[in-house]
Colleague: 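Let me give you the structure first, and then I'll get to my questions.
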2 protein chains.
Amino acid sequence: MSLRYALLAILRVGPLSGYDLQKQFSQSVGHVWHAPDSQIYPELRKMASLGLIEGEEQARGERGTRRVYHVTDAGNAAFEEWMASPLDYQRVRDPAHLRAAYLETTTPEAAREFLTRHIAVWEDELAQFQGQLDAIELMSSTMLSRRLSVTPPANRERTIAYKRFTYEGLAERARTEIDWARRGLELVDRIEG
Amino acid sequence: MSLRYALLAILRVGPLSGYDLQKQFSQSVGHVWHAPDSQIYPELRKMASLGLIEGEEQARGERGTRRVYHVTDAGNAAFEEWMASPLDYQRVRDPAHLRAAYLETTTPEAAREFLTRHIAVWEDELAQFQGQLDAIELMSSTMLSRRLSVTPPANRERTIAYKRFTYEGLAERARTEIDWARRGLELVDRIEG
DNA sequence: GGGAGCATGTAAGCCGTTACATGATTGT
DNA sequence: ACAATCATGTAACGGCTTACATGCTCCC
């Protein structure tokens, strides 16, 4: 259900076509909420049919068209309501820790490969979060500057502060995973050595 | 797809009925992989039809029956293959960080409520993980002792070590979330104060 | 003329959630 | 007799993944 609000969050900044939105998405909110285009387009249509957004057909060249969506008052209200309502936490479903719990059933090599890959995956994530944090410091993130340009000056500080807060949390989580897996490698060496 | 392997992991320790398995599940693997009974029973049937497990009808009282499942050779092979294969990491989908990124769009009260609840939720989780860690130290966890009783002595150390490793990782993640949300509360106080 | 990128989807299938449904057995 | 708990599911629906499908436009 959060996809809807992730899309609203981006559209609230300003009208966008599905295609542009999808690009914005992968560069900003996509870091916390992934969605492929095959999910975005239908969801936009559904949101339009619910009156949360409105699409405007625009000509593009001779025959081409694109639909540019903007958020309606109802859409803004829905977003704000969501922001003020309790978040629903879904149940854990964590393949990595599931596997970790049974590492004694496999070979030391497989255990090491699993942990090494875990480190690599989270180092990748960490690098992306770091990049976003750097962009925030420089205020050069596309999404951020787009958001800032429509944000009254008094709010810019808050906008930046919360974005930094978010990515710092993500970066820390990544570091926690990396540290954990490193300790796991040491453990494998110790008990399988 | 991991549900299947979570179930195999438990059944490999010894035969269980769907009902007992479901209880074991919520007390052990359930901490890393949640599944309701409405998902477990059909999955067991599917696994049986694939030959990964076999169910044996047992009489219970005069009219009652229960099906006790055990892992087949094919099931063991499938589990070991899974343990040795690369884990597939699913894409991020994180409602809490999604909301955090847009906290400037809501009231300070709503922001505080969100963060306070986040702390409470993760403190709950942390308490459970701590409980499991204590149980591991005492070797008094049902599941663990069940596992240990069929584990050759030489492997007991490894079994315990990896289980401790898993829950320490979970506990650290919980602490990371709690610390993050606490810093968030301080941030709210600072910029909305 | 051709390729990169713009633009928008559909379809099948799986996994998971929520709610509903039923009945037997054991202990008090 | 009654409650707790043992025991096993079905049905409907929603979200997400993967693969497929189509055509336009802009620039070189």
Side-chain angles (χ1 to χ4, degrees), chain A residues 1-8 11 15-27 29-30 32-50 53 55-69 82 87-95 98, chain B residues 1-8 11 15-27 29-30 32-50 53 55-69 82 87-95 98:
Chain A
M1 258 295 82
S2 297
L3 172 60
R4 174 164 305 171
Y5 301 101
L7 294 174
L8 279 175
L11 280 179
L16 283 174
S17 69
Y19 185 82
D20 288 332
L21 189 136
Q22 180 222 117
K23 278 196 306 178
Q24 289 285 344
F25 202 86
S26 60
Q27 286 161 27
V29 206
V32 287
W33 198 275
H34 167 80
D37 16 344
S38 67
Q39 209 188 347
I40 291 177
Y41 286 114
E43 180 64 24
L44 286 172
R45 293 217 157 227
K46 205 187 288 178
M47 288 162 72
S49 81
L50 291 172
I53 58 177
E56 223 182 320
E57 289 271 338
Q58 283 187 355
R60 179 172 158 269
E62 303 237 336
R63 255 183 305 272
T65 59
R66 53 190 227 134
R67 231 186 321 279
V68 175
Y69 289 102
W82 179 73
L87 204 60
D88 60 316
Y89 286 80
Q90 61 269 75
R91 311 307 201 89
V92 241
R93 212 163 268 116
D94 182 340
L98 171 60
Chain B
M1 258 294 83
S2 297
L3 172 60
R4 174 164 305 173
Y5 302 102
L7 294 174
L8 279 177
L11 280 180
L16 282 174
S17 69
Y19 185 82
D20 289 332
L21 189 136
Q22 182 223 116
K23 278 197 306 179
Q24 289 286 345
F25 202 86
S26 61
Q27 285 161 26
V29 206
V32 288
W33 198 274
H34 167 80
D37 18 344
S38 69
Q39 210 188 347
I40 290 178
Y41 286 113
E43 180 64 24
L44 287 172
R45 295 216 155 228
K46 205 188 287 179
M47 288 161 71
S49 81
L50 292 171
I53 59 177
E56 223 183 319
E57 289 273 335
Q58 284 188 353
R60 177 171 161 273
E62 305 234 338
R63 256 183 303 273
T65 59
R66 54 189 226 133
R67 230 187 321 280
V68 175
Y69 289 102
W82 179 73
L87 202 63
D88 60 318
Y89 287 80
Q90 60 268 73
R91 311 304 201 90
V92 241
R93 212 163 268 115
D94 182 340
L98 171 60

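Chain letters run A, B, ... following the sequence lines, proteins first, then strands; residues in each count from 1.
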Colleague: Between A:R60 and D:dT25, is there a contact of a side-chain N or O with OP1 or OP2 at under 4.0 Å?
Modeller: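 Negative; the distance criterion is not met.
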Colleague: Answer whether the closest heavy-atom distance between the side chains of B:L21 and B:Y69 falls below 4.5 Å.
Modeller: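 Sidechains of B:Y69 and B:L21: no contact.
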Colleague: Can you tell me if the side-chain N/O atoms of B:Y19 get under 4.0 Å from OP1 or OP2 in D:dT8?
Modeller: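 Indeed not, no polar side-chain atom of B:Y19 lies that close.
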Colleague: Roughly how many Å is it from OH in B:Y69 to P in D:dA7, rounded to a whole number?
Modeller: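 In whole Å, D:dA7 P lies 13 Å from B:Y69 OH.
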Colleague: How close or far is atom C1' of D:dG9 from atom CD of B:Q22, stated in whole angstroms?
Modeller: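 The answer, rounded to whole Å, is 11 Å.
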Colleague: Which distance, rounded to the nearest 0.5 Å, do you find between the CG of A:L8 and the CE of A:M47?
Modeller: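 Going from CG on A:L8 over to CE on A:M47, the span is 3.5 Å.
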Colleague: Please determine whether a side-chain nitrogen or oxygen atom of A:R45 lies at a distance below 4.0 Å from atom OP1 or OP2 of C:dG9.
Modeller: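 Yes, within the criterion.
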Colleague: Between B:K23 and D:dT5, is there a side-chain N or O to OP1/OP2 distance below 4.0 Å?
Modeller: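 So the side-chain polar atoms of B:K23 never come under 4.0 Å of the phosphate oxygens OP1 or OP2 of D:dT5.
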Colleague: Under 4.5 Å between any side-chain heavy atoms of A:Q90 and B:H34, yes or no?
Modeller: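 Not touching, per the 4.5 Å side-chain cut-off.
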Colleague: Starting the side chain at C-beta, find the nucleotide from D:dT8, C:dT8, D:dT25 nearest to A:D37.
Modeller: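 Selected nucleotide: C:dT8.
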Colleague: So B:Q90, base contact, sugar-phosphate only, or nothing? Heavy-atom distance under 4.0 Å.
Modeller: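 Result for B:Q90 = nothing.
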Colleague: If you assign B:S38 and A:S38 each to the DNA chain D nucleotide with the nearest heavy atom, which residue ends up on the more 5' nucleotide?
Modeller: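 Final value for this comparison: B:S38.
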Colleague: Could you state the OH-P distance from B:Y41 to D:dC6, rounded to the nearest angstrom?
Modeller: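 Rounding to the nearest Å, OH of B:Y41 and P of D:dC6 are 10 Å apart.
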Colleague: Hey, does the side chain of B:R67 come within less than 4.0 Å of D:dG9's phosphate (OP1/OP2), counting only N and O?
Modeller: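 So the side chain of B:R67 is within the cut-off, an N or O lying under 4.0 Å from OP1 or OP2 of D:dG9.
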Colleague: C:dT8, D:dT8, D:dT18: which one has an atom nearest the side-chain heavy atoms of B:S17?
Modeller: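 For B:S17, the side-chain atoms sit closest to D:dT8.
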Colleague: Measure CD/A:E62 against P/C:dA7 and give the value in whole Å, please.
Modeller: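 About 16 Å, once rounded to whole Å.
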Colleague: To the nearest 0.5 angstrom, please state how far the CG atom of A:L98 sits from the CZ atom of A:R93.
Modeller: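 If we round to the nearest 0.5 Å, A:L98:CG and A:R93:CZ are 11.5 Å apart.
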Colleague: Is there a side chain to side chain contact (heavy atoms under 4.5 Å, CB included) between A:I53 and A:L7? Walk through the geometry before answering.
Modeller: CA-CA 10 Å; A:I53 58 177; A:L7 294 174; over 6 Å; no
Colleague: How long is the line joining CD of A:Q58 and P of D:dT25, in whole Å?
Modeller: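 So the two atoms are 14 Å apart, to the nearest Å.
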Colleague: Five pairs per end, C1' atoms only: what is the angle between the end axes of the helix from C:dG1-D:dC28 to C:dT28-D:dA1, to 10 degrees?
Modeller: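 Here the helix ends are tilted 10° relative to one another.
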Colleague: Nearest whole angstrom, please: distance from the C1' of C:dC6 to the CG of A:L21.
Modeller: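 Between C1' of C:dC6 and CG of A:L21: 15 Å.
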Colleague: Nearest whole angstrom, please: distance from the P of C:dA7 to the CG of A:L16.
Modeller: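 Rounded to the whole Å, the gap is 11 Å.
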Colleague: Tell me, do B:Y41 and B:R45 make a side-chain contact under 4.5 Å, heavy atoms counted?
Modeller: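 With C-beta onward as the side chain, the pair stays apart.
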Colleague: Side chains of A:W82 and A:S2: does their closest heavy-atom pair fall under 4.5 Å?
Modeller: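 Of all side-chain heavy-atom pairs linking A:S2 with A:W82, at least one is under 4.5 Å.
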Colleague: Could you tell me how far apart B:I40 (CD1) and C:dT17 (P) are, to the nearest whole angstrom?
Modeller: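 After rounding, the reported distance stands at 11 Å.
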Colleague: Below 3.5 Å between N/O atoms, which protein atoms pair up with nucleotides 13-15 of chain C? Just atom names and distances, please.
Modeller:
none

Colleague: Given side chains that start at C-beta, do those of B:R67 and B:L44 come closer than 4.5 Å, heavy atoms only?
Modeller: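 No. Closest side-chain heavy atoms not under 4.5 Å.
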Colleague: Less than 4.5 Å apart, any side-chain heavy atom of B:M1 and any of B:D88?
Modeller: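 A side-chain contact is absent here, since even the closest heavy-atom pair is not under 4.5 Å.
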Colleague: Can you tell me which nucleotide in C:dT17, D:dT17, D:dA7 comes closest to the side chain of A:H34?
Modeller: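 Of the candidates, D:dT17 comes closest.
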Colleague: Compare all side-chain heavy atoms of A:V29 with those of A:Y5 and state whether any distance is below 4.5 angstrom.
Modeller: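 Not touching, per the 4.5 Å side-chain cut-off.
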